[in-house]
Chemist: 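Could you have a look at this structure, given as structure tokens, before my questions?
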Amino acid sequence: MLDPRLFRQDPEAIAGALSIRGYDLDLESYRDLENARRELQTEMETLQHERNVVSREIGVAKRDGLDIEPLVVAVGDLGLRLDVVRKEFHKVQDELQDFLLDVPNIPDDSVPAGETDEDNRELYRWGDVTEFDFKPRDHVDVAGSSLDFESSVRISGSRFSVLRGPLARLHRGLIQLMLDVHTDEHGYEELYVPYIVNRASLMATGQLPKFEDDVFMVRSDTDSFLIPTAEVPVTNMVRDTIVSIEELPLRYVCHTPCFRRESGSHGKDTRGLIRLHQFEKVELVQITHPDHSWEALDEIVNQAEVILKRLELPFRAVSLCGGDLGFASAKTIDLEVWLPGFNRYREVSSCSNFLDFQARRAQARFRSGPQARPELVHTLNGSGLAIGRVLIAIIENYQEASGRVRIPEALVPYMHGVQFLEFED
RNA sequence: GGAGGGGUGGCUGAGUGGACGAAAGCACUGGUCUUGAAAACCAGCGAGGUUAACGCCUCCCAGGGUUCGAAUCCCUGCCCCUCCGCCA
């Protein structure tokens with residue numbers, strides 16, 4: 001959520017900044033709500049004051065043994081009037097709150113203009129695009145029966161996967177490698193968290209109330225949802241808390257499955273492991289002092305890159321344009337790995353700085369000293385990395401003409417020394 | 001799942017209808033004293049909104065209700081604790 005004070009001061013400036021995203025702020029509705037709120041609040045507080053004064057007099061009179069009847073009469077229908085005004089005030093206040101919760105974050109000045117992912121700005125590339133002396137196949141063809149969609153469709157339906165044998169081990173090895181690097185080398189604390197979260201947690205990180213269609217609700221309980229990303233439980237570690245300044249930055253790494261409805265993507269990316277209802281991800285989350293969040297974003301991008309470099313996978317970094325930016329993000333850098341089977345780069349990491357947007361919803365604050373008033377922290381996160389898509393990248397980039405796949409050196413220890421995977425058709 | 005007990009400031013904890021945003025202690029901050037520190041003593045010390053300021057309003061888990069007036073009484077929900085049951 002954006003700062004309501006900023007909204008009151010200069011709503012036009014906010015509307016202008018949001019147009020970078022292609023978001024059309026309804027200034028007229030805002031002004032109507034805000035004016036109504038102000039009037040009702042003033043009126044309500046005046047009435048409350050009157051009531052408090054008389055009530056106090058009644059108390060004194062009663063204590064002194066005086067007749068309180070005249071005073072009680074004097075209060076008259078104050079209570080009734082107050083009731084009416086208060087109800088109206090709460091109604092308007094709720095509407096205003098709903099309005100503000102639906103407004104996305106303001107993009108940083110460095111965010112490129114544009115509407116779709118084609119307008120994203122490439123920042124740099126690393127590694128050479130893999131060359132083959134044969135026509136590379138995509139991961140579905142290479143993995144053969146180890147990628148068992150016949151089973152996953154029977155068990156669950158489309159957009160799920162069953163991995164078998166060595167492929168499942170490789171998948172697990174990737175998770176271990178990433179967690180080890182981020183904990184041992186990058187100083188992150190590893191967390192294990194719930195995969196079912198409540199409404200308040202999803203409100204805090206920004207998935208609700210606007211994007212309820214994207215998350216799975218646990219049917220027996222309308223206040224419980226499957227996590228769409230570890231960002232939700234991990235960022236909510238600090239919801240409604242005040243940390244001391246010495247504790248910042250907090251660095252958390254967490255591996256979880258991610259569950260997504262993918263409701264807006266029917267027919268898109270239906271091949272293989274690219275877009276599923278359930279996939280694994282290792283997530284990096286930082287909670288920082290507001291002065292240091294931009295450095296932290298660079299840090300997260302670099303740390304995610306370390307994994308790709310360790311696996312010797314060619315990739316590029318792009319800065320998302322305004323139209324492609326997530327709801328809560330002020331700036332997002334994606335890392336895209338080269339996929340020979342698709343002949344294009346595909347996202348494996350998305351690193352975002354949310355500034356105080358999530359922190360305000362979450363009331364996540366810090367105190368710079370024992371006497372200082374609490375201030376909002378900044379929150380960031382980045383995939384470090386998406387497991388399924390990295391698995392695809394390894395299969396496709398390391399495939400050989402014979403059909404076997406070489407295991408990148410960094411992963412060999414996690415595969416008990418195995419250097420090649422052989423797949424059956 | 002059953003029975004009982006409870007949610008009050010950073011923490012402990014008093015408060016059962018009227019001057020209570022809330023005793024007391026701890027912690028913290030400033031001062032006195034001290035060569036310095038500790039101790040002792042004095043003072044300060046929750047959050048949000050609004051105001052140029054004085055001030056005013058709100059907040060004692062959350063939401064409703066009773067009342068001129070609610071931390072206090074009533075209803076609902078959430079959470080925590082103890083015992084029993086079940087269970088990886």
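The chains referred to below are lettered A, B, ... by the order of the sequence lines, with proteins before strands, and numbering in each begins at 1. This is a predicted model, so every value here is computed, not measured.
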Chemist: Rounding to a whole Å, what distance do you find between Glu50(A):CD and U58(B):C1'?
Modeler: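 The distance from CD of Glu50(A) to C1' of U58(B) comes to 17 Å, rounded to the nearest Å.
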Chemist: Who passes salt bridge (charged side-chain N to carboxylate O under 4.0 Å, His left out) against Arg137(A), sequence neighbours left out?
Modeler: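 Partners of Arg137(A) by the salt bridge (charged side-chain N to carboxylate O under 4.0 Å, His left out) criterion come out as none, since no residue qualifies.
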Chemist: Using the C1' atom in both, what is the distance from C20(B) to C75(B), to the nearest Å?
Modeler: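 Approximately 25 Å lies between the C1' atom of C20(B) and that of C75(B).
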Chemist: What pairs with Asp141(A) under salt bridge (charged side-chain N to carboxylate O under 4.0 Å, His left out), at least two apart in sequence or on another chain?
Modeler: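 Checked Asp141(A) against salt bridge (charged side-chain N to carboxylate O under 4.0 Å, His left out); matches are Arg271(A).
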Chemist: Write down the partner of C20(B) under the Watson-Crick or G-U wobble criteria, each distance required to be under 3.5 Å.
Modeler: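 Pairing partner: none.
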Chemist: Given atom CG of Asp3(A) and atom P of G48(B), what is their separation to the nearest angstrom?
Modeler: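 It is 12 Å, rounded to the nearest whole Å.
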Chemist: Would you be so kind as to tabulate the donor-acceptor pairs closer than 3.5 Å made by side chains of residues 156-171 of chain A, with sequence neighbours excluded?
Modeler:
| from | atom 1 | to | atom 2 | distance (Å) |
| --- | --- | --- | --- | --- |
| Arg159(A) | NH1 | Arg275(A) | O | 3.1 |
| Arg159(A) | NH2 | Ser265(A) | O | 2.9 |
| Arg159(A) | NH2 | Lys268(A) | O | 3.0 |
| Arg164(A) | NH1 | Asp148(A) | OD2 | 2.7 |
| Arg169(A) | NH1 | His416(A) | NE2 | 3.3 |

Chemist: With P as the reference atom in both, quote the distance from U8(B) to C61(B) in angstrom, rounded to an integer.
Modeler: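 It works out to 6 Å between them.
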Chemist: Determine the interatomic distance between C1' on A27(B) and the same-named atom on U16(B); round to the nearest Å.
Modeler: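 Those two atoms are separated by 30 Å.
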Chemist: When you check every protein heavy atom under 4.0 Å of nucleotides 67-79 of chain B, what one-letter string (B, S, -) results, 5' to 3'?
Modeler: -BS----------
Chemist: What is the separation between atom CE on Met44(A) and atom P on C57(B), rounded to the nearest whole Å?
Modeler: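 The answer, rounded to whole Å, is 11 Å.
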Chemist: Who does C26(B) pair with, Watson-Crick or G-U, both distances under 3.5 Å?
Modeler: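 C26(B) is paired with G10(B).
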Chemist: Counting only Watson-Crick or G-U wobble pairs whose two distances fall under 3.5 Å, which nucleotide matches C33(B)?
Modeler: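 WC or wobble partner does not exist here.
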Chemist: List the atom of Ala362(A), the atom of Arg239(A), and the distance in Å for their closest heavy-atom pair.
Modeler: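 The pair with the smallest heavy-atom distance is O-CG, 3.2 Å.
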Chemist: Indicate the ring-plane relationship of Phe327(A) and Phe357(A), choosing parallel, tilted or perpendicular according to the 30° and 60° boundaries.
Modeler: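 If you compare the ring of Phe327(A) with that of Phe357(A), the planes turn out perpendicular.
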Chemist: Roughly how many Å apart are C87(B) and G7(B), using the C1' atom of each and rounding to a whole number?
Modeler: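 Each nucleotide's C1' atom is 29 Å from the other's.
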Chemist: Please state how far atom CG in Asn52(A) lies from atom P in G55(B), giving the value in whole angstrom units.
Modeler: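 It is 16 Å, rounded to the nearest whole Å.
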Chemist: Between A39(B) and G31(B), how many Å separate the two C1' atoms, rounded to a whole number?
Modeler: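 Taking atom C1' in both A39(B) and G31(B), they lie 16 Å apart.
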Chemist: To the nearest Å, how far apart are Ile242(A) CD1 and C45(B) C1'?
Modeler: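 One finds 15 Å between C1' of C45(B) and CD1 of Ile242(A), rounded.
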Chemist: With a 4.0 Å heavy-atom cut-off, tell me which residues in residues 81-96 of chain A come close to RNA chain B, sorted by residue number.
Modeler: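 Nucleic-acid contacts, sorted: Lys87(A).
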Chemist: Kindly give the atom pairs (protein nitrogen or oxygen, nucleotide nitrogen or oxygen) under 3.5 Å for nucleotides 49-52 of chain B.
Modeler:
| from | atom 1 | to | atom 2 | distance (Å) |
| --- | --- | --- | --- | --- |
| G49(B) | O2' | Gln41(A) | NE2 | 3.1 |
| U50(B) | OP1 | Arg8(A) | NH1 | 2.3 |

Chemist: With sequence neighbours left out, what residues match Arg260(A) under salt bridge (charged side-chain N to carboxylate O under 4.0 Å, His left out)?
Modeler: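 Not a single residue meets the salt bridge (charged side-chain N to carboxylate O under 4.0 Å, His left out) criterion with Arg260(A).
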Chemist: If the threshold is 4.0 Å, N to carboxylate O, is there a salt bridge linking Arg365(A) and Glu375(A)?
Modeler: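 Between Glu375(A) and Arg365(A) there is no salt bridge, as every charged N stays at least 4.0 Å from the carboxylate O atoms.
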Chemist: What integer number of Å spans the P atoms of G6(B) and U51(B)?
Modeler: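 Taking atom P in both G6(B) and U51(B), they lie 44 Å apart.
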Chemist: Pairs of donor and acceptor atoms involving the side chains of residues 78-95 of chain A, under 3.5 Å and at least two apart or interchain, shall be tabulated with distances.
Modeler:
| from | atom 1 | to | atom 2 | distance (Å) |
| --- | --- | --- | --- | --- |
| Asp83(A) | OD1 | Arg86(A) | NH1 | 3.4 |
| His90(A) | ND1 | Arg86(A) | O | 3.3 |

Chemist: Please table the atom pairs, donor to acceptor, closer than 3.5 Å between any side-chain atom in residues 383-398 of chain A and protein atoms at least two apart or in another chain.
Modeler:
| from | atom 1 | to | atom 2 | distance (Å) |
| --- | --- | --- | --- | --- |
| Ser383(A) | OG | Ser350(A) | N | 3.1 |
| Arg389(A) | NE | Ile274(A) | O | 3.0 |
| Arg389(A) | NH1 | Glu347(A) | O | 2.9 |
| Arg389(A) | NH2 | Ile274(A) | O | 3.0 |
| Glu396(A) | OE1 | Gly341(A) | N | 2.8 |
| Glu396(A) | OE2 | His139(A) | N | 2.7 |
| Glu396(A) | OE2 | His139(A) | ND1 | 3.1 |
| Asn397(A) | OD1 | Thr130(A) | OG1 | 2.5 |
| Asn397(A) | ND2 | Trp338(A) | O | 2.8 |
| Asn397(A) | ND2 | Ala393(A) | O | 2.8 |
| Tyr398(A) | OH | Leu311(A) | O | 2.6 |
| Tyr398(A) | OH | Glu312(A) | O | 3.0 |

Chemist: Return whichever of His49(A) or Val60(A) has its heavy-atom-nearest nucleotide of RNA chain B closer to the 5' end.
Modeler: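 Result of the comparison: Val60(A).
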Chemist: Does Arg172(A) have any salt bridge (charged side-chain N to carboxylate O under 4.0 Å, His left out) partners at least two apart in sequence or in another chain, and if so, which?
Modeler: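 None.
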Chemist: Just to verify, what does Phe354(A) make a ring pair (Phe, Tyr, Trp, His ring centres under 6.0 Å) with, not counting sequence neighbours?
Modeler: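 Testing Phe354(A) for ring pair (Phe, Tyr, Trp, His ring centres under 6.0 Å), a comparison that skips the adjacent residues, returns none.
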Chemist: For G1(B), give its Watson-Crick or G-U wobble partner with both distances under 3.5 Å, or none.
Modeler: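 For G1(B), the partner nucleotide comes out as C84(B), under the 3.5 Å rule.
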Chemist: Sticking with atom P, work out how far A38(B) lies from C28(B), rounded to a whole angstrom.
Modeler: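 Comparing P positions in A38(B) and C28(B) gives a spacing of 10 Å.
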Chemist: Between Arg404(A) and Phe420(A), is NZ or CZ placed under 6.0 angstrom from the six-membered ring centre and within 45° of the ring axis?
Modeler: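 Arg404(A) over Phe420(A) ring: yes.
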Chemist: What is the distance, to the nearest angstrom, from the CD atom on Glu43(A) to the C1' atom on U58(B)?
Modeler: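 Distance, rounded to whole Å: 17 Å.
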Chemist: Distance between the C1' atoms of G9(B) and U66(B), in whole angstroms?
Modeler: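 That atom pair is separated by 28 Å.
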Chemist: Sort out the partner of A53(B) for me: Watson-Crick or G-U wobble, both distances under 3.5 Å, none otherwise.
Modeler: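 No nucleotide pairs with A53(B).
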Chemist: Residues two or more places apart in sequence or in another chain: which of them pass ring pair (Phe, Tyr, Trp, His ring centres under 6.0 Å) with His289(A)?
Modeler: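 Partners of His289(A) by the ring pair (Phe, Tyr, Trp, His ring centres under 6.0 Å) criterion, ordered by chain and then number, come out as His292(A), Phe366(A).
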